[in-house]
Colleague: 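One structure follows; several queries about it will come next.
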Amino acid sequence: MAGLMGTKPHLFAQAPGSRRAGEAPLKITKVKAILTAPARIRLCVVKVETSEPGLYGVGCATFTQRIRTVVTAVDEYLAPFLVGKDADNIEDLWQSMYQSSYWRNGPVLMNALSGVDAALWDIKAKRTGRPLYQLLGGKVRTAVPVYRHASGKTHEAVLESARRYIADGTRYVRAQIGVEGQATYGTGLGSATNTVPVKLTGEGHFAGELFEPATYRRSVPKLFKFLREQLGDEIELLHDMHERLAPIDAIGLVKELEPYRLFFLEDPFAPEDVGYFKMLRQQCATPIAMGELFNNPNEWLDLVSGRLIDFIRCHLSQVGGISAARKIAAVCEFFRVRTAWHGPGDTSPVGHAAHVHLDLTTTNFGIQEYPNFTDTLREVFPGTPEVRDGMMWCNEKPGLGIAIDEKLAAKFPIRDDPPFDLHWGRLRDRDGTIRRP
């Protein structure tokens with residue numbers, strides 16, 4: 001050994017930024033949540049500062065429907081728990097945060113924990129001077145293919161939207177069709193955008209936005225027949241059912257869509273109805289994506305090990321951040337389930353940067369959802385991933401490669417009146433029955 005060390009000392013050279021013998025641990029000195037809404041969507045980012053001057057990390061903790069509860073969890077509970085601890089011990093900190101409330105799981109606590117977790121990974125990679133993907137095993141692809149959202153009130157409008165993305169190099173398109181006068185998911189019809197009026201149903205306590213499942217179910221196969229005829233077989237098509245149908249009706253729709261060869265169909269069932277997946281698998285071969293509402297491994301483990309889904313769609317800040325996502329992807333690899341992390345507009349650019357690093361290093365990657373980043377978002381979050389040729393690219397900067405301009409972010413405060421987008425709790429059938437959003 002002495003000879004080896006004498007002839008090849010570089011084998012044991014100190015890595016840049018790593019701790020030397022006798023050196024004090026890197027301590028967490030401050031943890032805080034930052035709220036901003038540059039694109040009029042409530043976002044929450046956690047910033048973790050350390051005892052090394054100027055060294056900090058950021059992580060997404062956006063639970064937009066209950067955003068201020070996440071701030072409370074970060075600032076009043078996790079911050080005092082974490083200050084003074086060793087920032088290098090990410091796994092131990094994850095486990096201790098998870099156990100610290102005793103009542104575990106739930107979107108508020110998991111988003112708070114996830115934001116801290118991603119920030120710690122950001123710090124660790126910055127200390128080495130390398131992009132995070134290098135610490136996760138290195139690249140297995142050059143960039144990350146994404147899918148875009150095409151929607152409209154008519155078949156022709158959806159086709160036009162899809163063709164705009166295709167012209168920019170996109171090969172994967174999620175298609176959603178509106179139903180006139182109804183709040184149809186993913187189409188801009190409803191109070192989420194306030195762009196197109198929808199028919200209200202009921203009065204007083206039972207007043208809400210109208211959604212009739214049967215009308216929606218009849219519209220979807222017609223849309224995909226039209227799109228497949230117009231776009232041919234080279235473009236991959238996706239659709240999100242968003243748990244809108246009764247389970248048996250969902251099975252019927254999935255079967256009807258089988259001839260149009262979807263890349264995947266998302267959320268045919270609610271998390272409460274996962275028992276229907278076995279029945280669905282026995283009846284058709286349409287690839288299924290599921291998981292954006294999951295936060296407990298028991299919600300997805302049987303679906304994966306039973307080979308009942310094809311894509312795992314977890315929301316990173318809902319399941320525990322980068323640490324948890326790595327483990328989920330590893331389990332899924334053995335069952336040939338691909339990743340398709342949830343990536344809507346209410347995931348901050350910091351969260352999307354985390355997606356890029358995970359996707360670059362995950363062998364069983366499937367596809368990545370991508371919203372449009374506005375110029376204002378890019379200004380507030382310098383280093384926001386670039387998209388070209390239908391793929392999202394890493395900028396090769398240390399860590400996650402992204403930051404938040406806090407002064408600029410403060411110019412875009414979140415809206416508290418109302419405190420969340422109330423349409424999520426006001427979708428109703430014609431008789432006033434509440435429906436899942």
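Bear in mind the structure is a predicted one, so any value in this text is a computation, not a measurement.
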Colleague: Can you check whether Ala61's main-chain N or O pairs, donor with acceptor, with Ser317's side chain at less than 3.5 Å?
Modeller: no
Colleague: Quick one, Phe420 with Trp424, criterion ring pair (Phe, Tyr, Trp, His ring centres under 6.0 Å). Give me CA distance, side-chain angles, the key distance, then yes/no.
Modeller: CA-CA 9 Å; Phe420 70 102; Trp424 288 109; 9.2 Å; no
Colleague: Does a side-chain heavy-atom distance below 4.5 Å link Arg68 with Arg42?
Modeller: no
Colleague: Count the heavy atoms of every other residue, nucleotide or ligand shown that sit under 6.0 Å from CD of Gln99, and state whether that count exceeds 12.
Modeller: yes
Colleague: A cation-pi test, strictly: NZ or CZ of Arg148 under 6.0 Å from the centre of the six-membered ring of Tyr172 and no more than 45 degrees from its axis. Yes or no?
Modeller: no
Colleague: Does the distance from a Lys or Arg side-chain N to an Asp or Glu carboxylate O, for Arg378 and Glu386, drop under 4.0 Å?
Modeller: yes
Colleague: Taking NZ, NE, NH1 and NH2 as the nitrogens, is one of them in Lys126 or Asp122 under 4.0 Å from a carboxylate oxygen of the other?
Modeller: yes
Colleague: Ring centroid separation for Phe373 and His352, is it under 6.0 angstrom?
Modeller: yes
Colleague: Checking Thr362 side chain against Phe365 main chain: does a donor-acceptor pair fall under 3.5 Å?
Modeller: no
Colleague: Work out which heavy atom in Leu227 is nearest to a heavy atom in Ala175; give both atom names and the distance.
Modeller: CD1-CB, 3.5 Å
Colleague: Applying side-chain contact (heavy atoms from CB on, under 4.5 Å), name anything that partners Glu379, two or more places apart in sequence or on another chain.
Modeller: Leu408
Colleague: Taking side-chain contact (heavy atoms from CB on, under 4.5 Å) as the test, write out the residues that go with Ala354, two or more places apart.
Modeller: Leu316, Ile322, Leu400
Colleague: Test Thr361 against Lys139 for side-chain contact (heavy atoms from CB on, under 4.5 Å), laying out the working first.
Modeller: CA-CA 5 Å; Thr361 59; Lys139 290 182 179 180; 5.9 Å; no
Colleague: Taking atom OG1 of Thr72 and atom CG of Leu78, what is their separation to the nearest 0.5 Å?
Modeller: 11.0 Å
Colleague: Given Val45, which of Val380, Val58, Val74 fulfils the side chain to side chain contact (heavy atoms under 4.5 Å, CB included) condition?
Modeller: Val58
Colleague: Is a donor on one side and an acceptor on the other found under 3.5 Å between the side chain of Asn295 and the backbone of Gln318?
Modeller: no
Colleague: What class does the angle between the rings of Tyr216 and His239 fall in, given that below 30° is parallel, 30 to 60° is tilted and above 60° is perpendicular?
Modeller: parallel
Colleague: With a 3.5 Å distance limit and no angle check, can you tell me whether Thr36 reaches the backbone of Ala409 through a side-chain donor-acceptor pair?
Modeller: yes
Colleague: Are Leu231 and Leu159 close enough that some pair of their side-chain heavy atoms sits under 4.5 Å apart?
Modeller: yes
Colleague: Apply ring pair (Phe, Tyr, Trp, His ring centres under 6.0 Å) to Phe81 and list each qualifying residue two or more places apart in sequence or on a separate chain.
Modeller: none
Colleague: Heavy atoms, side chains only, cut-off 4.5 Å: are Met97 and Leu82 in contact?
Modeller: yes
Colleague: Write down the atom of Ala270, the atom of Glu243, and the distance for their closest heavy-atom approach.
Modeller: CB-OE1, 2.8 Å
Colleague: Can you name the closest pair of heavy atoms from Asp75 and Ala33 and give their distance?
Modeller: OD1-N, 3.0 Å
Colleague: Could you check whether any side-chain N or O of Thr62 sits under 3.5 Å from a backbone N or O of Leu43, counting only pairs where one atom can act as donor and the other as acceptor?
Modeller: no
Colleague: Does Asn111 reach the main-chain N or O of Pro107 with its side chain, forming a donor-acceptor pair under 3.5 Å?
Modeller: yes
Colleague: I want to check something: taking the side chain as every heavy atom from C-beta on, are Asp302 and Phe277 in contact at a cut-off of under 4.5 Å?
Modeller: no
Colleague: Does anything in residues 380-413 form a ring pair (Phe, Tyr, Trp, His ring centres under 6.0 Å)? List the pairs, not counting sequence neighbours.
Modeller: none
Colleague: Taking only residues two or more places apart in sequence, or in another chain, which ones meet Tyr133 in a side chain to side chain donor-acceptor pair (under 3.5 Å)?
Modeller: Glu396
Colleague: Write out all pairs satisfying ring pair (Phe, Tyr, Trp, His ring centres under 6.0 Å) with one or both partners inside residues 29-66, taking only residues at least two apart or from two chains.
Modeller: none
Colleague: Would you check if the side chain of Gln95 reaches a backbone N or O of Asp92 as a donor-acceptor pair within less than 3.5 Å?
Modeller: no
Colleague: Answer yes or no: is there a donor N or O on one side and an acceptor on the other, between the side chain of Asn395 and the main chain of Gly401, under 3.5 Å?
Modeller: yes
Colleague: Restricting to side chain to side chain donor-acceptor pair (under 3.5 Å), what partner residues turn up for Arg313, sequence neighbours left out?
Modeller: Tyr147, Glu266, Glu369
Colleague: Apply side-chain contact (heavy atoms from CB on, under 4.5 Å) to the pair Leu93 and Tyr98, showing each step before the final yes or no.
Modeller: CA-CA 8 Å; Leu93 290 174; Tyr98 184 67; over 6 Å; no
Colleague: Evaluate whether atom NZ of Lys411 has more than 12 neighbouring non-hydrogen atoms of other residues, nucleotides or ligands under 6.0 angstrom away.
Modeller: no
Colleague: Could I get the full list of salt bridge (charged side-chain N to carboxylate O under 4.0 Å, His left out) partners for Arg104, not counting sequence neighbours?
Modeller: none
Colleague: In Å, rounded to the nearest 0.5 Å, how long is the span from CG of Asp421 to CZ of Arg415?
Modeller: 6.0 Å
Colleague: Taking only Lys NZ, Arg NE, NH1 and NH2, and the carboxylate oxygens of Asp or Glu, determine whether Lys27 and Glu52 approach each other closer than 4.0 Å.
Modeller: no
Colleague: Counting only heavy atoms not in Lys32 (residues, nucleotides, ligands), do more than 12 fall under 6.0 Å from its NZ?
Modeller: yes
Colleague: Just to verify, what does Ser161 make a side chain to side chain donor-acceptor pair (under 3.5 Å) with, not counting sequence neighbours?
Modeller: none
Colleague: So which atom in Ile123 and which in Gly57 form the shortest heavy-atom distance, rounded to 0.1 Å?
Modeller: CG1-N, 3.3 Å
Colleague: With sequence neighbours excluded, tell me which residues meet side chain to side chain donor-acceptor pair (under 3.5 Å) with Lys278.
Modeller: none
Colleague: Mind checking whether Val254 and Leu280 have side chains closer than 4.5 Å, heavy atoms only?
Modeller: yes
Colleague: If you take all heavy atoms of Ala37 and Pro413, which pair is closest and at what distance?
Modeller: CB-O, 4.0 Å
Colleague: For Lys397, check salt bridge (charged side-chain N to carboxylate O under 4.0 Å, His left out) against everything at least two apart and list the hits.
Modeller: none
Colleague: Run the side-chain contact (heavy atoms from CB on, under 4.5 Å) check on Lys124 and Asp88 step by step: do they pass?
Modeller: CA-CA 7 Å; Lys124 185 175 286 289; Asp88 277 327; 3.5 Å; yes
Colleague: For Met290, does its backbone N or O pair with a side-chain atom of Asp267 as donor and acceptor, under 3.5 Å?
Modeller: no
Colleague: Go through Val144 and Met391 one step at a time and tell me if the side-chain contact (heavy atoms from CB on, under 4.5 Å) criterion holds.
Modeller: CA-CA 5 Å; Val144 178; Met391 296 189 289; 5.7 Å; no
Colleague: Ala250 and Pro268: which non-hydrogen atoms are nearest, and at how many Å?
Modeller: CB-O, 3.3 Å
Colleague: Please round to the nearest 0.5 Å and tell me the distance separating atom CG of Leu223 and atom CG of Leu237.
Modeller: 8.5 Å
Colleague: Ring pair (Phe, Tyr, Trp, His ring centres under 6.0 Å): which pairs involve residues 288-323, sequence neighbours left out?
Modeller: Phe263-Phe311, Phe264-Phe311, His315-His342
Colleague: Kindly indicate, with the supporting measurements, whether the criterion side-chain hydrogen bond (donor to acceptor under 3.5 Å, both in side chains) is fulfilled by Thr347 and Trp341.
Modeller: CA-CA 11 Å; Thr347 293; Trp341 307 120; over 6 Å; no
Colleague: State the CG-CG distance between Asn89 and Asp86, to the nearest 0.5 angstrom.
Modeller: 4.5 Å
